[in-house]
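The block underneath contains the structure these notes are about, expressed in structure tokens.
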Amino acid sequence: MTQLHRKDILGLQDMSSEEIQLILDTAESYKEILSRSVKKVPILRGKSICTLFYENSTRTRCSFELAAKIMSADTTAVSTAGSSIQKGESFKDTLLTLEAMGMDLFVIRHSASGAPHFAAKILKSSVINAGDGMHEHPTQGLLDMLTIRQNKGRIEGLKVLIVGDIMHSRVARSNIWGLSKMGAHVRLCGPRTLLPAEIEKLPVEVYDNLDMALEDVDVVNVLRIQLERMNRGFFPSVREYSALFGINKDRLRRAKPDVLVMHPGPMNRGIEITPDVADGEFAVITEQVTNGVAVRMALLYLLLGGGGHVGSA
Ligand code: CP
């Protein structure tokens, strides 16, 4: 496969392993541009990209903007603060207004699951889901897979543990779909109250006990505890959560000796992960961020059909 035959990237559940492979291969070839002294190629010159964020973001928004700028596209950033969304303009009218200005592609983050799917239906322009509610965060899933592939040389056959608040996590869902399509064995571990309904329908193994879940794993992906949900009684206290489900050096000894420790960020240091692990020899958390730029460059290229190639300067 050499091309993505789709207008939008809305999730990994409906993506084939061949498409994922193409995106990861393209990202790997584009990553080299990030180490050049002049990080600029003309591949998307003349294309207009809008980042439309209804929720806060550092990594996803900045890396999409950077990816677009490196590829010479023009970018427009719209967020709820400072836009006419504050005056009550609807999501639909906001989309149609921005498309009428000539946007070729929208990167959308929204608290409502399905918002990017709605946008993709009403827009002729391409849409990339930058995180929708508790549904999916496909670019995070892709950058996580790229990081695993680069460090381990493969994804197929690896044991990958995702720990934490699975129920509310769009990162977990995209990782589960993507990793299982690429042949990894996915384990989940977290408080029972933070596991999704109908978990038996997902291609995963579920563990209550973190020490058992960690046994012999190749990768641990630690999810952020969403402190904003703490007052809803999902677990008794942060202290208890850390004691039962926090990743620390002692616990990591149960995993493979070359285990990778990942976290999508932002991290709550000292809660779901101890600082010595977050900054330690097994952590690839900043590498994930760098790979995020490469993956987003690849997606912009594949969707907007840039005609240039990596070597162009
Ligand atoms: N991982 C992630 O989506 O981070 P941001 O919320 O900072 O974009």
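Nothing fancy with the numbering, it's 1 onward along the sequence. Predicted, not measured: the structure shown is a model, and the values here were computed from it. Every number for a ligand or one of its atoms is a count from 1 in the order of the listing.
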Charged N to carboxylate O under 4.0 angstrom, [X] versus [Y]?
{"X": "E198", "Y": "K201", "result": "yes"}
{"X": "K69", "Y": "D74", "result": "no"}
{"X": "D279", "Y": "R269", "result": "yes"}

- May I ask whether L299 and M103 are part of the same hydrophobic cluster, defined by side-chain heavy atoms of I, L, V, M, F, W, Y residues being less than 4.5 angstrom apart, directly or through others? no
- Heavy-atom contacts under 4.0 Å to ligand 1, chain-then-number order, include exactly S57, T58, R59, T60, R109, H137, Q140, P264, G265
- S242: what forms a side chain to side chain contact (heavy atoms under 4.5 Å, CB included) with it, not counting sequence neighbours? V238, I271
- Task: Evaluate the ring planes of Y301 and Y30, with Trp represented by its six-membered ring, and classify them as parallel (under 30°), tilted (30 to 60°) or perpendicular (over 60°).
- Result: perpendicular
